[in-house]
Amino acid sequence: MLKAIYGTKDVLPKDVEKWNFLESTIKNIFASFNYKEIRTPLLEETGLFSRSIGEETDIVSKEMYTFQDRSETSITLRPEMTASVVRAFLEHSLSSQSSLNKLFYIAAMFRQERPQAGRFRQFHQFGAEVLGSSSPLLDAEIIILAYTILKSLGLVDITVKINSLGITSSRKVYLEILKEYLESHLNELSEESRKRFEKNVLRIFDSKFENDIQIMKDAPKLIDHLDDESKQEFQVVQNILRSEQIPFLLDSSLVRGLDYYSKTTFEIVSDKVGSQSALCGGGRYDGLIELLGGTPNYGVGFAAGIERILLALQNEKTKLPDNSSLDLYVVLLNKELLNEYYLFATALRKNHLKVEIDYLSRSVKAQMREANKLRAKFVALFGGEEYAENKVVLKNMGTSVQQVLPLENADKEILLSVGS
RNA sequence: GUGAGUAUAGCUCAGUUGGUUAGAGUACCAGGUUGUGGCCCUGGGGGUCAUGGGUUCGAGCCCCAUUACUCACCCCA
């Protein structure tokens, strides 16, 4: 049997409704914060991602869908959106049209990882990128925005974790201090942590080995080595979050995996999605625009995983709105009146009623059962005795009350009844 | 890339120490007196028991391989 590609999923009609609810909620909230939607191609030149995300990161070194097109250009299906948005920002000189650009997206991403709960090879993210300001107000706004959206989608049990990585130069100094400390404990560290020592020292803070945790307890903390500017701005962010009554935890082990982050980083987690607890992650990336060849400028943003949010909602047993009902089901009593039947229903559809009819020549009972299954508010019984008198029967499926209407103004009567 | 687990109807799953024509629930279809839903009742269709080999008189069940999927590690949304 033909199957969807490993790690990709069909979204069937009953689930599309949930996606639509999510997407419209997300768009409404972005609109209220005055963010503008941006859409970029799924495909980019591979170099865009290797330069921005970082050659050494897992995403670039082992997770990208990369191939050569016919002109032997190396093409990659986007594994994340920030690089593409910044590329579009530079390509179209958006900064010269407006000194601040607040952008959002809802889009598919691709990473060639082993799928598991809350992780897919094609997955969907919504997110925001604000380009053009270093104001910590925006760091806070991004967090508030992400939190507000998740809450509005119905999530209850979520936690905001924040950290500051400082500016690149102060972080470099700190990393040397940390390495110096760890070198004296290198033999006691787990093998995994020793690998991290080479690749990404900060990750050792995430280690699950008891011995590592003990060692890291006494390690110098990034937060104590922040440059003054980062320190002060981080306070501003925290103050705003407090006055907005957004609960958060300081988490010094929060090191966003991509190379381009600086200063504020944050994550929103849920323990309802299996081991992949991050629903949302983001932060500031002030060096990225310059890195991609633009004149130096500021950026801050976040990305959230739609599949993970749906999973969390499902596991929190949140009921999503269900609009799958039907205004009217038209039952055909006399099969010889098929043409008239079809025209009758079509006329009602032109009045923007949600109308369904029988296409399968089924018995009246079967049609009624179908109407019930589709949760039709009303059923019109077309044909039969009433038709001979130019009339049609309208039944209210909630109250079971029936009335007989003249055909010539049946559409108006039905509109009145269904509308009420 | 590493590790563990699972595979029987569209879906969720039973299937005894290996023993006749492989079951249930649900979904689907049809009926339960003329042209009326929900609840209920009756009946029906639907399975190469993932695939290929092996052991055996006999395999859904035991063994091996393959494939697919799931979960976890790494990392991330």
Side-chain angles (χ1 to χ4, degrees), chain A residues 1-7 9 12 14 53-54 56-63 78-82 105-127 146 150 191-193 195-196 199-200 203 206-209 254-258 267-270 273-282 301-312 326 329 331-335 360 362-388 392-402 404:
Chain A
M1 204 200 320
L2 290 166
K3 301 175 68 173
I5 298 293
Y6 188 49
K9 289 272 180 286
L12 299 175
K14 68 177 170 34
I53 299 170
E56 295 305 314
T57 58
D58 283 12
I59 292 180
V60 172
S61 63
K62 59 183 196 189
E63 295 172 1
R78 63 176 172 223
E80 60 112 41
M81 196 66 174
T82 304
Y105 57 83
I106 304 178
M109 310 294 156
F110 303 85
R111 290 183 201 172
Q112 197 168 162
E113 300 179 83
R114 287 279 266 271
Q116 67 190 71
R119 168 183 291 163
F120 306 97
R121 289 185 163 189
Q122 176 178 338
F123 61 103
H124 299 79
Q125 292 184 328
F126 63 87
L150 296 188
E191 195 191 323
E192 210 171 273
S193 289
K195 265 188 215 154
R196 286 170 170 175
K199 258 179 73 182
N200 190 346
R203 285 257 155 244
D206 287 339
S207 176
K208 278 144 198 156
F209 295 99
L254 191 65
V255 183
R256 309 243 16 107
L258 319 184
E267 209 167 80
I268 301 179
V269 299
S270 160
V273 286
S275 75
Q276 308 308 315
S277 60
L279 298 181
C280 170
F302 78 90
I306 294 180
E307 284 85 354
R308 286 188 188 174
I309 289 168
L310 284 166
L311 187 60
L326 197 64
Y329 188 98
V331 168
L332 178 58
L333 299 172
N334 179 350
K335 308 284 189 240
L360 303 173
R362 303 214 281 191
S363 67
V364 172
K365 181 201 279 279
Q367 291 183 65
M368 288 301 292
R369 281 183 172 159
E370 185 70 11
N372 188 61
K373 196 176 82 183
L374 297 175
R375 297 195 297 157
K377 296 189 192 90
F378 287 84
V379 164
L381 295 115
F382 185 90
E385 291 168 16
E386 289 81 0
Y387 183 79
V392 64
V393 179
L394 183 69
K395 176 168 187 171
N396 181 319
M397 294 294 274
T399 62
S400 294
V401 174
Q402 294 190 178
V404 182

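Lettering of chains follows the sequences in order, A, B, ..., and the numbering in each one begins at 1.
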Name the closest nucleotide to the Met397(A) side chain, picking from G37(B), U36(B), C75(B). G37(B)
Please determine if a side-chain N or O atom of [X] lies less than 4.0 Å away from the OP1 or OP2 oxygen of [N].
X: Arg369(A); N: G38(B); answer: yes
X: Gln116(A); N: A72(B); answer: yes
X: Arg114(A); N: G1(B); answer: no

Is a donor-acceptor pair below 3.5 Å formed from side chain [X] to base [N], judging by atom type as modelled?
X: Arg308(A); N: C76(B); answer: yes
X: Arg111(A); N: A77(B); answer: yes
X: Lys395(A); N: U36(B); answer: yes
X: Ser400(A); N: G38(B); answer: yes

Between Gly7(A) and Leu333(A), which is nearer to the 5' end of RNA chain B once each is assigned its nearest nucleotide? Leu333(A)
So what does [X] hit on the nucleic acid, given a heavy-atom distance under 4.0 Å: a base, only sugar-phosphate, or nothing?
X: Arg196(A); value: sugar-phosphate
X: Ala278(A); value: sugar-phosphate
X: Lys9(A); value: sugar-phosphate

Are the side chains of Arg114(A) and Tyr6(A) in contact, using a 4.5 Å heavy-atom criterion? yes
